[in-house]
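Below: the structure, in C-alpha cells.
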Protein chains: 2
Amino acid sequence: METALLSRKDQIDHTATVLFRARGFAATSMRELATALGIEAGSIYSHIRSKEEILHRICFRLADQFFAGFEDATQNNTLPIADSLRRAIESHVQVLTADVAASAVFLHEWRHLSEPARTEFLALREQYEAGFRQLLINGAETGTLYAPDPAFASLTLLASLNWLPTWYAPGGKLAPADIAHRLANQLLFGLEVREN
Amino acid sequence: METALLSRKDQIDHTATVLFRARGFAATSMRELATALGIEAGSIYSHIRSKEEILHRICFRLADQFFAGFEDATQNNTLPIADSLRRAIESHVQVLTADVAASAVFLHEWRHLSEPARTEFLALREQYEAGFRQLLINGAETGTLYAPDPAFASLTLLASLNWLPTWYAPGGKLAPADIAHRLANQLLFGLEVREN
DNA sequence: TTTTCTTGCTAACGAACGTTAGCAATGGTA
DNA sequence: TACCATTGCTAACGTTCGTTAGCAAGAAAA
C-alpha cells in the first residue's frame, strides 16, 4: 500500500479519537469503530492488540506534545516571566487546537486507562501542571506577577485553557493564534477596567 | 420505612452519582451500582425505570440549581455589574461545591442522554451561559468591565469555574466561599501586576 | 382485618461486548 | 520465482450488559 498517507494503524487511531471524543471511550464499540473505517470488527485486530492500546497511544502522544511545547516555550530564561507564561499559554493552546479531538480524549478519557498506565499518566499530568505552577511561583516571588496563591492560580489558568476543546471548532472565526492571544490577555489582565 | 433519611430512590441517585463521576456513565454497570447499594441488580428496577432515568434526574436537577442561583444572584439590577458578576460567580461555585460529584456528572456525562433529553439539556445550558454573556455585554457597554469580546470572555470565565470539580475536595484547605472569592478576584483582576 | 406500598429476591431473556482462530488475497521485496 | 508483511474476511468464544417476570416479606394505610 503506497497511496495511503496514513498507515492503517494511524487511520484507526485517528478515527477512534473522533469517536472516543464524541461518544466516550466506554460507549464506543469496536464494531462502531470498524464501521467508521469501512471494515469488519475482527479486522482491526490485525493492526492493534486491544481497544485500550488505542486510548493509551492517544493520551501519551498528547502528553509528549504538551511537554515538548512547554519546554520550547520556557527554555529561554532570560525572558520576563510574564512573557514565558504567555509563550507557555500559546503553546498549550496550539497543541489543543492542532487536534481538538485528541485533546478532548486526553483531557477526559484517561480514566479508562487501567493500571499502571493510569498512574503513569497522572504523574505526567501533575509534572506538566507543576511547570505552570513554578512559573507563577517565580513570577510571584520576583514581583512580576500578581498571584497571592500560585497553586490556586495555576489551576484556574489551566482550567480556562482546557475548556477550549469543548467549544473550539477548526475553521471558525478565530484562528488558534488569536485565541491564544486573547486567552493570555484575559488571564493576565482580568476583566476589571484598568485605572491606568 | 421511617428511619431512612433518604428514600431508596434518592439513595440510588446519590450512589449512582458517585459512580458515574468516578467511572463514567457508560462504564458503570447496574450490577456495580447494586453492589454499592448492598442489593441485587434486579432490585433497582423496583424504584427506577431505566439507567438513563437516573442520569436524567441528576443533570436536570443540577440545571435547576444553577438557574435558581443565578436568578437570585442577579435579580438586584441596581448593583454595579461587576458586583452582579461576582455574585453570579459565587453562586455558581456554591452549586458546584455543594455536590461535586453531581456537578461532575452534569458537566461531563450529559452526552449519554438520548434525544430529546440531550437537546433539551443543551438548550438549558446555552440559556444559562447566555446569562453570563449578557452580564459581560452589559458591563462592556457601560464601560464597567473590560471585555473586548464578551462572548469569548464568558466562555473563559465559565471554563475556569467548571474545572473546579476536577480538583475540589470537600473539607480541604479552602472553604467554598474562599474559593469563590479567589476565583472572582483572579478573573476580575488578572495575573498581571497592577500599576495603580 | 384487608389492602396497598415498599422493598427485595432469583432466574433468566436477548443483545451487545472485546477478542480470537483460521484462512485468504494482495503487493512489494529477496 | 519465492517470500513475507499488510490487510481483511467469517465465524465464533465467553462474558457482561440492561432489563423483565414472577414471587414474597414486611410495614403502613384503609
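Separating the CZ atom of R8(A) from the P atom of dG27(C) is a distance of 15 Å, rounded to the nearest angstrom. Separating the CD atom of E53(A) from the P atom of dG18(C) is a distance of 15 Å, rounded to the nearest angstrom. Rounded to whole Å, atom P of dA16(C) lies 18 Å from atom CG of L33(A). As a whole-Å value, the separation of Q11(B) CD from dT7(C) C1' is 11 Å. Summarising the geometry, the separation between CD1 on I39(A) and P on dT6(D) is reported as 15 Å, rounded to the nearest angstrom. One can place CD1 of I54(B) at 10 Å from P of dG18(D), the figure rounded to the nearest angstrom. The distance between atom NZ of K9(B) and atom P of dT7(C), rounded to the nearest whole Å, is 11 Å. Here dC17(D) presents its P atom at 7 Å from CD of E32(B), a figure rounded to the nearest Å.
Note on H47(B): a side-chain N or O is less than 4.0 Å away from OP1 or OP2 of dT7(C). For dC17(D), the OP1/OP2 oxygens have a side-chain nitrogen or oxygen of S29(B) closer than 4.0 Å.
Residue pairs meeting the salt bridge (charged side-chain N to carboxylate O under 4.0 Å, His left out) criterion with at least one partner in residues 27-47 of chain B, sequence neighbours excluded, are R23(B)-E32(B).
Put simply, the side chain of E109(A) gets close to the backbone of F25(A): a donor and an acceptor are under 3.5 Å apart. With T17(A) contributing its side chain and D13(A) its backbone, the two residues share a donor-acceptor pair below 3.5 Å. Here the side chain of E52(B) pairs a donor or acceptor atom with the backbone of S114(B) at under 3.5 angstrom. T119(A) contributes no side-chain N or O that, together with a main-chain N or O of E115(A), makes up a donor-acceptor pair within less than 3.5 Å. Listed for the R21(B) side chain is a donor-acceptor partner under 3.5 Å among the backbone atoms of P165(B). Side-chain atoms of K51(A) never come within 3.5 Å of backbone atoms of S29(A) as a donor-acceptor pair (strictly under, hydrogens ignored).
Taking 4.0 Å as the cut-off between side-chain N and carboxylate O, E120(B) and R125(B) do not count as a salt-bridged pair.
Non-hydrogen atoms lying under 4.0 Å from DNA chain C are contributed by nothing in residues 109-117 of chain A.
A side-chain donor-acceptor contact under 3.5 Å links S160(B) and S160(A).
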Inset, instruction - Could you encode protein contacts along nucleotides 19-24 of chain D as a string, one character per nucleotide from 5' to 3', using B for base contact, S for sugar-phosphate-only contact and - for no contact, with a heavy-atom cut-off of under 4.0 Å? - result: BB----
